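Nothing here was measured: the structure is a model prediction, and the numbers come from that model. In listed order, ligands and their atoms are each counted from 1. In what follows, every heavy atom counts, from backbone to side chain, and hydrogens, waters and symmetry copies are set aside.
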Amino acid sequence: MKFYFFTLSALFFLTTSCVEKTESFTRETIVLKKDWRFSKGSHPDAIHKSFDDSQWEKVNIPHDWAIYGPFNKEIDKQEVAIAQNNETTATEKTGRTGALPYIGEAWYRNEFTLPNLNKNKKILIQFDGAMSEPEVFINGEKVGEWKYGYAYFYFDITEYVHKENNTISVKINNREKSSRWYPGAGLYRNVHLIVKEKESIAHWGTFITTPLITKEEAKINIKTKVNGEQIKLVTKIYDADGIEIARQEATQMFSNEFDQNISVSDPNLWSPDSPYLYTAKIQLYANNELKDETTSRFGIRSIDFSAENGFRLNGKKTKFKGVCLHHDLGPLGAAVNKSALRRQLRILKDLGVNAIRSSHNMPSIEQLELCNEMGFLFLAESFDEWKVPKVKNGYNLYFDDYAEKDIVNLVHATRNHPSIVMWSSGNEVPDQWGNEGVKRAKWLQDIFHREDPTRPVTVGMDQVEAVMQNGFGAIMDIPGLNYRVHLYEDAYKKFPQGFILGSETASTVSSRGIYKFPVEKASMKQYEDFQSSSYDMEYCSWSNLPDEDFILQDDKDWVLGEFVWTGFDYLGEPTPYDEAWPSRSSYFGISDLAGLPKDRYYLYRSRWNTKDETLHILPHWNWEGREGETTPVFVYTSYDQAELFVNGKSQGIRKKTKNGTPQERYRLMWMDVKYEPGTLKVVALDEAGNPVAEKVVKTAGKPHQLALRPETMSLKANGEDLMFVEVSVVDKNGIPCPTAQHQLNFEVTGKGSFRAVCNGNPTSLELFHLPSMKLFNGKLVVLIQSSEEVGAITLKVTGENLLSQSVTINSIQE
Ligand code: GAL
């Protein structure tokens, strides 16, 4: 079986996250960010223009009302058996959706003017997502509603607006038991007003593909849907430097669509290593008058999937080194923020990740734009549920009425992003059992194919035995297996496609900086402190340790790659502590909720980042009270062998081997080391046994002073940019103190403000937006937000019995 999916690139003409208004003389986009009024509760009168909202809270959007807490175990407490986790008896689950107050009704109101309005204008309002069940009213009249909180949608509001004094009211409603993780609450993504001519390019009406690529030239196919008659299109292609390299005029329409083929010579191909982007500017003329203009960034690239070659990007076999990501941004909640997303991707680049799965819903547009620019492949998912519920008030309530609309909007809004190489119509849907589910799988896949013939569709399947029997797995373009490493071989033989994707893998759990003894492999292991060990030997009962996936990835040519659960910790789903208050966020992340790497980060980095050396020792070496006790030492490294020394005494050489446990193939492990304070040193050896690199970990003395490490030294003065400052404690010799748990206080002065803080502790009930937090194992991260003024911003951090520390950064013009 052989698919060829040649593609394309990026529309998304107008919006930017910071600019509020984009104007050309034909079209204007206003991002409604500021001066919203917000109130929780039921306010049916708030639809009226005359409603007095002056006492409501003033907020900017993107806004997540629930992230400000407080955490409360009663919120969305669920007495359930999680069938998906093989549970058969119902128990009380407290932190499942993050224990943050997302449930209930709330209202947002704002005002806007449309000075350029006249009878030839068409006005649209677009939501990139609203959590959830949004109802939209303009000047007292309902213009429309949607249901799914992650869906993009828009309404034509031409009939409802005036030049002056327009009022918009949005009602939001979140039901209890509607999610398996923290969903966030409110207008957590952007809202755009689009003002254009009646004769114009249709909304999301451009589809750019690159169906033919040779070294000498690429054929760019641009289909553009338009409204109006007597129309001419002028399409110009620009290279990454903004130089016009091709232009074509078209007058022939097929129905309401132009279908242009434009040649680009010597194309620069888009790939994760070289994310080269072109721009298409499309101008629409009616009766020779310019009526509309959009610009779309796109990439030239080809994708194909086949039994012979697996997945190929631009003809080159490429395995997915992927991570699954939830949409929340830790301490920022669900409120989308481009600099926080950029930081996540920077961390993932260093890790060597080349692909992201937006589990289990539509990604933000901002995340896709960054993936195009920074070079990540993308698996864009849509649903965690179809018609059969996982949670009582989940997507099953909307499936019949909305599934098709939601997919159509997903595809239309994002199909020009070169990063997207695959769609997913679902994750572990219970519909995997039974014939109805098979029909649904085909129906959804057909919708994707109809809207986008260039990309394949997958489903993350966990009921592997069932889908092997009932045909569900056989009809998928890409059979995706969630876990079940023991069934890969069988599924590969039974399914017709000739390849298997690890659509979700590992689900190993750990807490940053926590190590438990004795060190042993264990499933669903729990401890009294509700933490999991960073020796990376603990996993969920339905899953496995990373090394077992590595073997499949390395030894089976027909495995397309993997998407690890998860790149970062996220709010909610605190397995294996689903029943243990105050656990309220996940333990699955390769990095913690603050974005700080756990040890597991280096295990993945040692195989995924093929450009840089990895040589990482664990655990830390501050074990007062464990003197003389067995304290295993692991080294995650890109080298094959190394020698370990404790205070200069050799502990022997370890070499990665295929003739042992999966862990012995990918980790260097010294299981019998006896703890003594001092210096732990690892010396990496080349094949001939010569030392090539070394790393040292020392026992720290008493905590002495704070150390601040901003990720960069400047911020953009746009009121939204964020600076992440890592705060740690060191002893008087500058050695990091890995067990420090001091309470710290933060003060930001100058042209910015304190935004949030996070220590990555999944059991902490301290609130992210308050300027005080305990260190978790010696570290935390402070987020500073820019204002719209340029100038210096100073962060001062203090803590009892510690020398305080300040750092000054500059906020500069964009
Ligand atoms: C999977 C599921 C994910 C998450 C994960 C935890 O089965 O698809 O959403 O729940 O398990 O291990």
Side-chain angles (χ1 to χ4, degrees), residues 78 80-87 93 95-98 150 177-183 322-328 356-363 379-386 388-391 394-395 424-433 458-467 479-487 501-511 522-526 532 536 538-546 548-549 562-580 583-590 593 598 600 762:
Q78 305 184 9
V80 284
I82 306 180
Q84 193 195 1
N85 298 0
N86 309 319
E87 293 177 5
K93 308 283 185 320
R96 197 175 188 200
T97 49
Y150 299 99
K177 301 182 178 58
S178 56
S179 185
R180 295 194 299 113
W181 56 84
Y182 174 69
V323 292
C324 301
L325 293 184
H326 265 308
H327 69 310
D328 79 63
I356 285 163
R357 170 184 184 226
S358 60
S359 43
H360 303 295
N361 36 256
M362 292 80 182
L379 198 183
E381 197 149 78
S382 42
F383 310 121
D384 190 48
E385 245 182 59
W386 294 348
V388 183
K390 281 183 182 171
V391 284
Y395 195 74
S424 163
S425 63
N427 172 63
E428 298 187 354
V429 289
D431 314 56
Q432 286 165 100
W433 285 291
T458 189
V459 165
M461 301 181 293
D462 63 330
Q463 299 308 319
V464 182
E465 309 265 14
V467 298
L481 257 56
N482 284 11
Y483 314 103
R484 315 309 187 276
V485 285
H486 58 289
L487 292 173
L501 173 69
S503 40
E504 201 174 303
T505 61
S507 268
T508 296
V509 287
S510 59
S511 308
S523 155
M524 303 306 271
K525 180 86 181 173
Q526 299 199 15
S532 296
D536 300 322
E538 295 166 9
Y539 57 99
C540 297
S541 55
W542 51 90
S543 64
N544 51 271
L545 295 176
E548 269 118 59
D549 288 305
E562 65 169 321
F563 288 86
V564 176
W565 193 262
T566 45
F568 295 90
D569 277 337
Y570 52 93
L571 292 162
E573 208 181 26
T575 313
Y577 298 107
D578 296 308
E579 293 140 17
S583 288
R584 50 67 171 156
S585 56
S586 84
Y587 298 75
F588 296 116
I590 291 175
L593 197 70
K598 300 180 188 173
R600 207 152 15 110

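For ligand 1, the atoms sitting less than 4.0 Å from at least one non-hydrogen atom of Trp565 are 3 (C), 4 (C), 5 (C), 6 (C), 9 (O), numbered in the order shown with element in parentheses. Heavy-atom proximity to Ser507, at under 4.0 Å, picks out these atoms of ligand 1: 6 (C), 12 (O). Here is the list of ligand 1 atoms found below 4.0 Å of a heavy atom in His360: 3 (C), 8 (O), 9 (O). The Glu428 neighbourhood of ligand 1 comprises atoms 1 (C), 2 (C), 7 (O), 8 (O), with distances under 4.0 Å to a heavy atom of that residue.
From the protein, the heavy atom lying nearest to atom 1 (C) of ligand 1 is Glu504 OE2, 2.8 Å. Residue, atom and distance of the protein heavy atom nearest to atom 6 (C) of ligand 1 are Phe588 CZ, 3.4 Å. For atom 10 (O) of ligand 1, the nearest protein heavy atom (residue, atom name, distance) is Glu573 OE2, 2.4 Å.
At least one heavy atom of Tyr483 sits closer than 4.0 Å to an atom of ligand 1. Taking a 4.0 Å cut-off on heavy atoms, Thr575 fails to register as neighbouring ligand 1.
Contacts with ligand 1 closer than 4.0 Å are made by no heavy atom of Asp462, backbone or side chain. Neither the backbone nor the side chain of Trp181 comes within 4.0 Å of ligand 1, counting heavy atoms alone.
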**Prompt:** Step by step, would you call Glu385 with Arg180 a salt bridge (charged side-chain N to carboxylate O under 4.0 Å, His left out)?
**Reply:** CA-CA 10 Å; Glu385 245 182 59; Arg180 295 194 299 113; over 6 Å; no

| request: Begin with the C-alpha distance, continue with both residues' side-chain angles, and end with the deciding distance and a verdict on salt bridge (charged side-chain N to carboxylate O under 4.0 Å, His left out) for Asp536 and Lys598. | output: CA-CA 10 Å; Asp536 300 322; Lys598 300 180 188 173; over 6 Å; no

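Under the 3.5 Å distance criterion, the side-chain polar atoms of Ser543 are matched with a main-chain donor or acceptor of Ala506.
For the ring pair (Phe, Tyr, Trp, His ring centres under 6.0 Å) test with Trp565, the passing option among Tyr483, Tyr539, Tyr570 is Tyr570; the others fail.
At under 3.5 Å, not a single nitrogen or oxygen of Asp384, backbone or side chain, sits near a nitrogen or oxygen of ligand 1.
Here OH of Tyr395 is found 15.5 Å from NE2 of His360. Values are rounded to the nearest 0.5 Å. Thr458 contributes atom OG1, which lies 10.0 Å from atom CG of Asn427 (distance to the nearest 0.5 angstrom).
Closest of all the heavy-atom pairs between Phe563 and Ser503 is CB-O, 3.3 Å. Nearest heavy atom pair, residue Ser425 against residue Ser382, reads CA-OG, 3.3 Å.
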